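Sequential numbering from 1 along the given sequence is applied to the chain's residues. Computed from a predicted model, the values in this text were never measured in an experiment.
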Amino acid sequence: MKKYLFLFVLFPLLFSSQKASKEESEIKKFQKELNAEYRNPKETPLRGGNFTRFKAHPFFPVDMKYRVTAQFTKTENAEPFGLPTSSGKTKVYKEYGKASFTLAGKPYTLILYQSMDLIKQEKYKDYLFLPFRDATNGKETYGGGKYMDLTIPKGNTIILDFNKSYQPYCAYNAYDYNCPVVPEENRLPVEIRAGVMYEDIYHH
């Protein structure tokens with residue numbers, strides 16, 4: 001009987017381990033693709049010597065506590081609005097919904113947006129944009145905040161994996177890019193030590 005009991009305990013542990021391994025491999029894939037994008041002369045935001053010196057992005061260590069399941073609430077009858085950008089202009093977005101989650105025992109809510117320009121393209125019709133700020137900005141990450149790409153969830157929950165958060169292009173090239181400014185309501189009063197760091201990316 002004890003042998004079977006051991007098996008019943010072992011199977012959930014194995015399943016949990018396999019799930020964590022799959023999630024970590026997805027994060028590693030994100031990191032690899034981001035570095036490849038910045039090394040690709042057709043895709044990179046880097047220019048001149050910044051491009052030629054680029055080696056790889058520094059990342060925080062993968063930490064699954066920053067992969068959270070949030071309650072998703074769609075915003076009904078949201079009107080498009082002009083979200084301010086780094087150049088002083090605006091880009092048209094609408095609020096798509098809210099994601100509420102708990103981190104280190106404390107509740108937080110972030111607003112998810114939909115670009116009115118991108119949804120005109122078939123491949124971006126399900127794309128959601130999450131800009132946020134946290135207490136690492138200006139120290140270990142870009143002072144203007146970070147971004148996360150998401151897709152419209154099918155149910156009432158959505159996974160927010162901050163391990164896949166990244167700096168806007170403006171962090172590396174403020175001259176050629178016009179990036180949405182993080183709204184005040186998406187400022188988190190805690191450190192999110194996950195995703196891309198903002199260090200000397202050219203000699204990493």
- prompt: Below 6.0 angstrom between ring centroids: does that apply to Y147 and F129?
  reply: yes
Check: L46 main-chain N/O paired with N173 side-chain donor or acceptor under 3.5 Å: no
When every non-hydrogen atom of S165 is compared with those of K146, the smallest separation belongs to OG-NZ, 3.2 Å
Problem - Y66 versus D161, side-chain donor and acceptor atoms under 3.5 Å - result: no
Subject >> Close side-chain approach of V182 and N137, heavy atoms under 4.5 Å >> reply: no
Result for side chain to side chain contact (heavy atoms under 4.5 Å, CB included) between F72 and one of L112, T157, L160 points to L112
Applying salt bridge (Lys or Arg N to Asp or Glu O under 4.0 Å) to R39 and not counting sequence neighbours gives none
**Prompt:** Is there a side-chain contact (heavy atoms from CB on, under 4.5 Å) between E140 and F60 once you walk through the steps?
**Reply:** CA-CA 9 Å; E140 294 169 295; F60 285 105; 3.7 Å; yes
Practice item. Could you verify whether a donor N or O on one side chain and an acceptor N or O on the other, from T85 and K91, lie under 3.5 Å apart? Key: no
Closest non-hydrogen atoms of I158 and A99, given as atom of the first, atom of the second and distance, are CG2-CB, 4.0 Å
The ring pair (Phe, Tyr, Trp, His ring centres under 6.0 Å) partner of H57 among Y172, Y142, Y166 is Y172
Using a 3.5 Å cut-off and no angle test, enumerate the donor-acceptor pairs between side-chain atoms of residues 117-124 and protein atoms at least two apart in sequence or in another chain.
residue : atom : partner : partner atom : Å
E122    : OE2  : K125    : NZ           : 3.1

Here the pair of heavy atoms bringing P61 nearest to N163 is O-OD1, 4.2 Å
Using 4.0 Å as the upper bound for N to carboxylate O, is an ion pair formed by E24 and K28?
-> no
Contacts of E185 meeting salt bridge (Lys or Arg N to Asp or Glu O under 4.0 Å) (sequence neighbours excluded), chain-then-number -> none
Under a 3.5 Å distance rule, please check whether T44 uses its side chain to pair with a backbone N or O of P41 as donor and acceptor.
no
Under the side-chain contact (heavy atoms from CB on, under 4.5 Å) criterion, do N35 and E37 qualify, and how do the steps go?
CA-CA 5 Å; N35 282 331; E37 176 189 336; over 6 Å; no
*For the side chain of N156 and the backbone of Q71, is there at least one donor-acceptor N/O pair under 3.5 Å apart?*
no
**Message:** Between T136 and E191, is there a side-chain donor-acceptor contact under 3.5 Å, judged purely by atom types and distance?
**Reply:** no
Is it true that E79 and K94 make a salt bridge, defined as a side-chain N closer than 4.0 Å to a carboxylate O? no
- Item | Proximity of F162 and F132 rings by center, below 6.0 Å | yes
| Would you call E26-K164 a salt bridge at under 4.0 Å N-O? | yes
